[in-house]
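First up is the structure itself, then whatever we jot down about it.
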Number of protein chains: 2
Amino acid sequence: MYLRYLEDLDGRGQHTASSDELAQLCGTTPAQVRKDLSFFGSFGKRGLGYPVHELSGRLREILGLEREWKVIIVGAGKIGAALANYGGFRQRGFRVAGVYDNSPEKIGHAWGDAIVRDISLLEEDLQGEESIIAVLAIPADDAQAVVDRIVAAGVRAILNFAPTQIIVPAHVSLKSVNMAIELEGLSFALTNGLGGTSAA
Amino acid sequence: MYLRYLEDLDGRGQHTASSDELAQLCGTTPAQVRKDLSFFGSFGKRGLGYPVHELSGRLREILGLEREWKVIIVGAGKIGAALANYGGFRQRGFRVAGVYDNSPEKIGHAWGDAIVRDISLLEEDLQGEESIIAVLAIPADDAQAVVDRIVAAGVRAILNFAPTQIIVPAHVSLKSVNMAIELEGLSFALTNGLGGTSAA
DNA sequence: AGGTGTGAATTATTTCACAGCG
DNA sequence: CGCTGTGAAATAATTCACACCT
C-alpha cells in the first residue's frame with residue numbers, strides 16, 4: 001500500500017514524504033508507518049521525511065517486483081474472464097500467461113489474448129517456470145483438487161477466489177478473497193450499527 | 001466463515017460439530033473457535049459440541065442475513081460485469097438491484113438482467129431504501145468522488161474494488177479488496193521464501 | 001524547528017489449561 | 001468421559017514519547 005502511494009507521489013514529482021503524509025494517504029497513523037518501514041531499514045531522513053523515489057525502489061526490491069511475474073488464470077468462468085481481461089494486472093507488472101480449465105466446452109476457445117488450455121497441460125507448460133502465480137477462479141467443490149494439481153505442477157503462490165478454505169503445503173503461499181464473506185461482514189456492520197473501514 | 005461451513009455440515013445432515021472439527025474446516029484452532037463463538041453467546045453443549053442447524057440460524061441472525069440485501073454495482077466495466085453476473089451473490093441471498101455508471105456510452109445498455117442506469121439517478125432510486133450495499137468497480141481516480149455521491153444518496157455500506165484508499169464518514173462501513181496488493185504480497189512471499197496462508 | 005527510529009507502555013489477540021456440565 | 005466456556009498467561013500489534021539527527 002505504501003508503494004502504491006509513493007509511486008503516485010513520485011509521478012507527481014514530490015521528492016519527499018513524511019510519515020504523517022503517508023499515514024493520511026494510507027488511512028493509518030504516523031507511528032504505524034514508521035514502525036512498518038523501519039522493519040525493512042532506515043529509509044527516512046530526520047527533519048525531512050522519506051525520499052519518495054528511492055523508497056519506492058527499495059520497496060519494489062523488497063516486494064520482489066523487479067522481475068516480471070507470470071499469472072495464470074485457472075477457471076474460465078465469469079470471474080476468470082473478468083480477471084483475464086482486467087488491465088490492473090498488467091499495469092502493475094503481472095503478465096497473464098495463460099488461462100486453464102478442465103471443461104471440454106471451454107478448452108481451445110479464444111479468450112482475450114489467450115486461448116483456454118486444458119488444465120492437464122499445466123505440468124508441461126510450467127516446466128522450468130519459477131515466477132508463476134496462479135489465480136483460482138473455480139467453483140468451491142473443485143478447488144482443493146485443482147490446487148493439489150497445480151501445486152504438484154510446481155506452483156508456489158496462489159490467489160484464491162473460490163469461496164472455500166484451501167489447504168496448501170507449508171512452502172506454498174496462499175491468499176484468499178471471498179466476496180460473499182465481505183458482503184456478510186457489511187451486513188453485520190449495518191445490522192449492528194457499526195460503521196468503519198477495514199482493508200480485508 | 002463459520003456460517004459457511006456450518007451450512008455445509010447442515011446440508012449433509014450432520015447435527016453437531018465440535019470446536020475441533022470447525023477449526024479444521026476453517027483452518028484455525030479449537031480455542032479460537034470457542035472464543036469467537038462465545039463472544040456472541042453460549043451455543044455449545046458440553047461433551048457434545050455445537051448444534052449445527054441451530055447455530056447456523058443464530059449466526060444468520062447475528063450477521064443480519066435474515067433479510068434480503070440489495071446490492072448495487074457501481075461501474076459498468078470489466079469487473080462490474082463479472083460481479084453483476086456472478087451467481088455467488090444471489091446464492092448467498094444478495095440481490096443485484098441495479099448497475100450504475102456515468103459514461104453515456106454505457107447508460108441504457110442491457111446488461112444481464114439489469115439495464116445500466118445513470119449514476120445521477122442513484123439518489124431518487126434509493127429513496128427510502130435501507131438495505132443497500134454498494135459494490136464499487138470503477139477506476140481509482142473517480143473512486144472518492146463517486147463514494148461521496150453514493151454516501152450522500154444514503155448508502156451506508158460499500159465494498160470497494162477500486163485500487164485506492166477511500167475515506168468515508170464514521171457511520172458508513174467500508175471494505176476494500178485490492179487484487180494488485182494481494183499479488184504483490186504473493187510476490188513478496190515468493191521472493192523471501194515465506195509460504196503460508198492468509199485470509200486477506 | 002521538523003521528523004525519524006525505537007525502546008517502553010499499552011492495548012489487543014491468541015493460546016493455555018482446567019473447572020464444570022451433559 | 002468429552003467438550004464447552006472462560007479466566008489467566010503468553011504473544012503480538014499498536015501507540016507513546018523522546019533522544020537524536022539534519
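Since this is a predicted model, take the numbers as computed values, not measurements. Chain letters run A, B, ... following the sequence lines, proteins first and then strands; every chain starts at 1.
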**OP:** Considering only NZ, NE, NH1 and NH2 on the basic side and carboxylate oxygens on the acidic side, decide whether A:Arg95 and A:Asp113 come within less than 4.0 Å.
**Re:** no
Can you see if the side chain of [X] gets near the phosphate of [N] - specifically, an N or O under 4.0 Å from OP1 or OP2?
X: B:Ser19; N: D:dT4; value: yes
X: B:Gln32; N: C:dT13; value: no
X: A:Tyr50; N: C:dG5; value: yes
X: B:Ser18; N: D:dC3; value: no

Subject >> Under 3.5 Å donor-acceptor, A:Asp10 side chain and A:Leu6 backbone >> reply: no
Original post:
Has the side chain of A:Ser19 got a donor or acceptor atom that lies under 3.5 Å from a matching backbone atom of A:Val33?
Top reply: no
Original post:
Can you find an N or O donor on one side and an acceptor on the other, under 3.5 Å apart, linking the side chain of B:Lys45 with the base of D:dG2?
Top reply: no
Original post:
Does a distance-only test, which skips hydrogens and angles, find a donor-acceptor pair under 3.5 Å between the side chain of A:Lys35 and the base of D:dT15?
Top reply: yes
**OP:** Give B:Gly44 one of three labels, base, sugar-phosphate or nothing, depending on what nucleic acid heavy atoms sit under 4.0 Å from its own.
**Re:** sugar-phosphate
Atom [atom1] of [X] and atom [atom2] of [N]: how far apart are they, to the nearest Å?
X: A:Leu22; N: C:dT4; atom1: CG; atom2: C1'; value: 12 Å
X: A:Phe43; N: C:dT6; atom1: CZ; atom2: C1'; value: 15 Å
X: B:Arg34; N: C:dC21; atom1: CZ; atom2: P; value: 17 Å
X: A:Phe40; N: C:dG5; atom1: CZ; atom2: C1'; value: 16 Å
X: B:Leu37; N: D:dG5; atom1: CG; atom2: P; value: 8 Å
X: A:Asp36; N: D:dA13; atom1: CG; atom2: C1'; value: 10 Å

Original post:
On DNA chain D, nearest-nucleotide positions of B:Ala31 versus B:Leu48: which is more 5'?
Top reply: B:Leu48
Original post:
Looking only at heavy atoms, what is the nearest atom pair of A:Gly64 and B:Thr191, with distance?
Top reply: CA-OG1, 3.2 Å
**OP:** Consider the side chain of A:Arg46, meaning its heavy atoms from C-beta on, and name the nucleotide among D:dG7, D:dG5, D:dC21 that approaches it most closely.
**Re:** D:dC21
Original post:
In terms of side-chain heavy atoms of B:Ser42, which of D:dG5, C:dG5, D:dC16 is nearest?
Top reply: D:dG5
Original post:
Between atom CG of B:Leu83 and atom CG of B:Leu136, what is the distance when rounded to the nearest 0.5 Å?
Top reply: 10.5 Å
